[in-house]
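One structure below.
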2 protein chains.
Amino acid sequence: MTESSAISWQSIRDEVLRRIRAREWRPGQLIPHEADLATEFGCARTTVNRALREVADSGMIERRRRAGTRVALHPVRRATLEIPVLRVEIERRGQAYGFTLLSRAAELPPPGICARMGSAPDRPLLHLTGLHTADGQPHALEDRWIATDAIPAAAQADFTTISPNEWLVLNVPFEGGDLTFSAHAASEGEARALRCAPGEALFVTERSTFQAGRSLTSVRLVFAPGHRVHTRL
Amino acid sequence: MTESSAISWQSIRDEVLRRIRAREWRPGQLIPHEADLATEFGCARTTVNRALREVADSGMIERRRRAGTRVALHPVRRATLEIPVLRVEIERRGQAYGFTLLSRAAELPPPGICARMGSAPDRPLLHLTGLHTADGQPHALEDRWIATDAIPAAAQADFTTISPNEWLVLNVPFEGGDLTFSAHAASEGEARALRCAPGEALFVTERSTFQAGRSLTSVRLVFAPGHRVHTRL
DNA sequence: AAGTGGTCTAGACCACTCC
DNA sequence: GAGTGGTCTAGACCACTTA
């Protein structure tokens, strides 16, 4: 028909955000129902739903059936971090990637790993350490534990030609995990491997992944000095 | 009709992920069109679209009009970081939050800040420093620059009763920003304020926000030793 | 019990891009 | 020009939650 130019969900999202920032809708306050907004904006409820879902994903509003939609009391900012395989990250910067396996053994895990992986202290895990390099310079030291009963194939994998990092991404699906960032003073061994001074401030990430309730692997990456993780809001 | 139990978009998403992980659809490969999948799964194309949009958001597939949908070559993991106001973060842990304004002055910004904020080196900015505490213990040292020409109200704000962190979240909408994590050895001044040893490894976040192409504020938070940022994958 | 968001459908048109 | 994803509609039913 001549009913041209429908309202876009983006424009509704923007208007909703504007009202929240302009305090027309205040934190904690209930906002109109989807049906009312659909009437107001002259569009289908589906379109309003799409817009509000987007705003809810960003953390600015909270929605519950029957209870309605409220402006969040503490507007939490959400940032999306992209976590590429280390090799890809380095090659994207135009540098040559390298990996050296430093050690490989079945060992009894220390208490910290047991706790994070929910593993029995008397059951050996595959323990790998290795160094990632960029243009020959140390980039990150990897210390990884793998639950070989959950990932039997890992026992046969050749981690000298492909890093455990990449092998796992390619071969082991997981449904979830934890990621932690922290700072850490370089130990003697880390300083040697990363060619920096002992005690120097290093950026550390720790990651654990699980599947079907079983812990798969836990890794600690200690980065060479100056490493930064960047993202956009 | 007796056409009960429609297919859910979640089940389609799961099946798509399964096929990718099972290598039925390999990295770089084109997957069937939405219409074909809709036929296969016996549902509306809208439902397939919803599922694939979700998978695309997670970074596993890439979609382009006319070009179709491909399995991503480098399956980038995406993690969502929640960045609450410091006060809320601390209170959520059941600790008492405190903020002390340490300094406040209009100053010419150093080169680093000029570069990050795109500000002229001869134009003074509002420079604030302060200490966030948890149960009276130092939690983070804040060093902030505010573009007063973009945020005139900041010149009048009382940052002794509310931290700049929180005042800005409440009063200044922004459309985007940068966030960086790094590690840093405590300077003499930082060590004094955070009551730690000079040279100790500290976790640092730096954030800049902008609106309508103008830089609004740039902040550097240096956290007390042991601070960790945690998220789920 | 009833109100609200969540989702599905069938169809349509549009926007983008590759050929 | 044609094919693919992106979005909108109008209507329907369902799921969840609270009164």
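All chains are named by letter (A, B, ...) in the order of the sequence lines, taking the proteins before the strands, and each is independently numbered beginning at 1. Scope of the values below: all heavy atoms of this structure, side chains included, with no hydrogens, waters or symmetry mates.
For the pair A:R64 CZ and D:dC16 C1', the interatomic distance rounds to 10 Å; values are reported in whole Å. Rounded to whole Å, the distance from CD on B:E34 to C1' on D:dC8 is 14 Å. In this structure, CZ of A:R45 is placed 17 Å from C1' of D:dT7, rounded to the nearest angstrom. Atom CD in B:E54 sits about 16 Å away from atom C1' in D:dG5, given to the nearest Å. Computed from coordinates, the B:R65 CZ to C:dC18 C1' distance equals 14 Å when rounded to whole Å. Distance, B:R63 CZ to C:dC18 P: 15 Å, rounded to whole Å. Spacing between atom CH2 of A:W9 and atom P of C:dG6 amounts to 15 Å, rounded to whole angstrom units. Put simply, CZ on B:F41 is 12 Å from P on C:dT9, counting in whole angstrom units.
Residue-level contact check: A:R50 touches the backbone only, with heavy atoms under 4.0 Å from sugar-phosphate atoms and none from bases. Across all strands shown, A:Q10 has heavy atoms under 4.0 Å from sugar-phosphate atoms exclusively, and none from any base.
Summary of helix geometry: the two end axes of the helix from C:dA1-D:dT18 to C:dC18-D:dG1, each defined by five base pairs via their C1' atoms, are inclined to each other by 20° (rounded to 10°).
The nearest heavy atom of DNA chain D to A:A67 and to A:G42 marks one nucleotide each, and the one closer to the 5' end goes with A:G42. Residues A:T47 and A:R66 both approach DNA chain D. Their nearest nucleotides, taken by heavy-atom distance, put A:T47 toward the 5′ side.
Between A:R92 and A:E82 there is no salt bridge, since none of the side-chain N atoms of the basic residue sits less than 4.0 Å from a carboxylate O of the acidic one. The pair B:R87-B:E166 meets the salt-bridge criterion, since a charged nitrogen lies less than 4.0 angstrom from a carboxylate oxygen.
Neither OP1 nor OP2 of D:dT7 sits under 4.0 Å from any side-chain N or O of A:T46. Here A:N49 does not reach the OP1 or OP2 of C:dG5: none of its side-chain N or O atoms lies under 4.0 Å away.
Under a 3.5 Å cut-off, the side chain of B:S119 and the backbone N or O of B:C114 do not form any donor-acceptor pair.
Side-chain atoms of B:H33 lie closest to D:dT4 of the nucleotides D:dT4, C:dT7, D:dT18. Out of D:dT17, C:dC8, D:dC8, the shortest distance to the side chain of B:S8 is found at C:dC8.
No option in A:I146, A:T209, A:L216 other than A:I146 meets the side chain to side chain contact (heavy atoms under 4.5 Å, CB included) test with A:L168.
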Quiz item: So B:R116 and B:D178, salt bridge (charged side-chain N to carboxylate O under 4.0 Å, His left out) or not? Walk me through it.
Solution: CA-CA 10 Å; B:R116 280 174 55 198; B:D178 293 288; over 6 Å; no
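Between B:H74 and A:V85 the shortest side-chain heavy-atom distance does not fall below 4.5 Å.
Nearest approach of B:L179 to B:F181, heavy atoms of both residues: CD2-CZ, 3.9 Å.
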